[in-house]
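Scroll down for the structure; my scribbles are underneath it.
Computed over heavy atoms, backbone and side chain alike; hydrogens, waters and symmetry mates excluded. Since the model is a prediction, treat every value here as computed from it, not as a measurement. Position 1 is the first residue of the sequence, and the numbers go up from there.
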Amino acid sequence: MRRDGPLASLLVTAGLLAGATLVGSALRAAGLQEATVVVTYVLAVIGVALATPGGPWCLVASALAVLAFNFFFAAPTLSLAALDPAMPGTFAVMFVVALVAGHLAARLRLQARAAEAARERTQALLDLSRRLQDCTTGPDVVAAMAATAREALGCSLAWYPAAGGGRALGAPTLFSADGSSVVEEGSVALRALANGIPAGAGTPAFGSAFGFYRPVGPAAHAHGVAGVVPAAGLSAEERGLWGSVCGLAALALDRVEALEQREEEAVRARDQKTRADLLRSISHDLRTPLTSIAGTADVLLEAGDALDGATRGRLLAAIRDDARWLRGTVENLLTVTRLEEGGVSPLADVELVDDLIEEALRHAATDPAHPVSFEPPAEPLLVRADPSLVVQALVNLINNAVAHTPAGCAVTVSAARSGPSVGLCVADDGPGIPDSEKDRIFEAFHSGSGGLPDGTRSVGLGLSVCRAVARAHGGGICVRDRKPHGSVFVLSLPAEEVPDV
């Protein structure tokens, strides 16, 4: 039985009037005047107005109150006849007073309900606004709309994203409020998108539809269509609330798009800066060895016969060293570019750590002023890695330690197991790295705040290659201070278990 249905209203009316009759009988037994009884019936009519939909029930309650007063309290009692000539006037006044009081009470109740509904709608919009402030992606905004539809309207959300430049709709995303299936009405949503106005239940367009659909955003740039289902019982105020929800969501989606565009512009600007740094480094750092190679070759071609063997040997060694440096720079540049852009995938296999380190030591730069030693681990260690890439990374770490420390500093290579990974460590006893530089040294083309101790050239790609190799293997690289002085670079790679023999 509905709370505001006819049967419920009839029972409420009869109960209140019966109660007023009992209270009036008690008041008459106490010796109070008839006016007190009349007030009791007026209060009963006001109660009917507050507890029922009002309108005709106020009229019915007023008429029944007059009849009950006449039957139970006007002489002769228990009869509808009235002996007092003034009674008809009293009945008329009682009827009018009860009717007016009832209508006023019903109006106040409706105003109170409207005020409460407006407060709930305002609160729903405030809650949605708070949710949208934390949204950073389009799906987050749609999820916030679904929560508002569920909490404020008790409906499910059907979201149809715009496609084809805003002229079509993509596959819908359905958010069920009660776990039941949601009806897909793509044709109704498409009509709302095409016309830029609501469509569906309660509108001239597809008025028999199951849901109520509104475009989110202006017609020229709609983000999609948001529908609430079922919408048959929605009032005009609730449909207006959904329009406000779609308006707030459109602003949030505009903000998300603006943030994404700014991020894309920042990425493009960073890429342009990287290319500019590359060109600047290439033009500045590669010019010197190329000039040296060309100049030395000219000397050998023009005056080679006049030079003694030792001089020719030094000139040829200089050409060889510059060529090797150029080749290493190009290899590092190609490696870091391919790894970071996904053009190269590591050919990972199970490798013995000792073999990788010994291979790297054979290819690393040799310098009598910087002795390099290897401390083998106490037990065999295996890693899953691409040997060529790992060797290149270790060579870069060793060469980096040799190039950035003063003469007389030693370099030590070691390895140790730490949980699911193996750390390949390259340590030196040089002056160390300032804390302000530790986060930047792995960036491409960053070679530190100061020059190298011996003036050696550096494009700043070695550590960037090491970071790219580590990430490609699912590992990482870090640098920490060595006690009492120096630095330790740790290249972490996924460990493999040593099989039982």
Nearest-0.5 Å distance that lies between atom [atom1] in [X] and atom [atom2] in [Y]:
| X | Y | atom1 | atom2 | result |
| --- | --- | --- | --- | --- |
| Cys246 | Leu251 | SG | CG | 11.5 Å |
| Ser156 | Leu174 | OG | CG | 9.0 Å |
| Leu259 | Cys135 | CG | SG | 11.5 Å |
| Cys155 | Arg150 | SG | CZ | 11.5 Å |
| Leu493 | Arg384 | CG | CZ | 12.0 Å |
| Arg480 | Cys425 | CZ | SG | 5.5 Å |

Give me the atom names and distance for the closest heavy-atom approach of [X] to [Y].
| X | Y | answer |
| --- | --- | --- |
| Cys466 | Ala393 | SG-O, 3.3 Å |
| Leu397 | Leu491 | CD1-CB, 4.3 Å |
| Pro215 | Ile197 | CD-O, 3.8 Å |
| Ala124 | Thr148 | O-CG2, 4.5 Å |
| Ala20 | Ala44 | CB-CB, 3.7 Å |
| Val383 | Leu356 | CG2-CD1, 3.9 Å |

*Within residues 186-210 or reaching into it, pairs that qualify as side chain to side chain donor-acceptor pair (under 3.5 Å) - sequence neighbours excluded*: none
*Go through Glu497 and Leu382 one step at a time and tell me if the side chain to side chain contact (heavy atoms under 4.5 Å, CB included) criterion holds.*
CA-CA 7 Å; Glu497 299 297 333; Leu382 298 178; over 6 Å; no
May I ask you to decide if [Y]'s main-chain N or O and [X]'s side chain share a donor-acceptor pair within less than 3.5 Å?
| X | Y | answer |
| --- | --- | --- |
| Tyr160 | Glu185 | yes |
| Arg131 | Ala147 | no |
| Arg417 | Gly423 | no |
| His473 | Asp386 | yes |
| Thr40 | Thr36 | yes |

Between [X] and [Y], is any pair of side-chain heavy atoms under 4.5 Å apart?
| X | Y | value |
| --- | --- | --- |
| Asp435 | Asp481 | yes |
| Arg130 | Asp127 | yes |
| His223 | Val141 | no |
| Ile433 | Phe489 | yes |
| Leu463 | Arg467 | no |
| Leu169 | Val225 | yes |
| Leu248 | Leu132 | yes |
| Val353 | Leu424 | yes |

*Give the intermediate values and the outcome of side chain to side chain contact (heavy atoms under 4.5 Å, CB included) for residues Val188 and Phe210.*
CA-CA 10 Å; Val188 185; Phe210 192 60; over 6 Å; no
Can you list, pair by pair, the side-chain donor-acceptor contacts under 3.5 Å of residues 230-242, counting residues two or more places apart and other chains?
residue	atom	partner	partner atom	Å
Ser235	OG	Glu237	OE1	3.4
Ser235	OG	Glu238	N	3.3
Glu238	OE1	Ser235	N	2.9
Arg239	NH1	Leu234	O	3.0
Trp242	NE1	Ala226	O	3.2

*Take Leu381 and Glu496 through the test side chain to side chain contact (heavy atoms under 4.5 Å, CB included) and record every step on the way to the result.*
CA-CA 8 Å; Leu381 297 177; Glu496 283 287 329; over 6 Å; no
_Checking Asn396 against Gln392: is there a side-chain donor and acceptor pair closer than 3.5 Å?_
no
*Does a donor on one side chain and an acceptor on the other come within less than 3.5 Å for Thr21 and Tyr41?*
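Per modelled atom types, Thr21 and Tyr41 side chains form a pair under 3.5 Å.
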_Let's go through Arg255 and Gln133 carefully: what are the C-alpha distance in whole Å and the side-chain angles of both, what is the deciding distance for side chain to side chain contact (heavy atoms under 4.5 Å, CB included) to 0.1 Å, and is it a yes or a no?_
CA-CA 10 Å; Arg255 175 176 57 82; Gln133 289 178 357; 5.7 Å; no
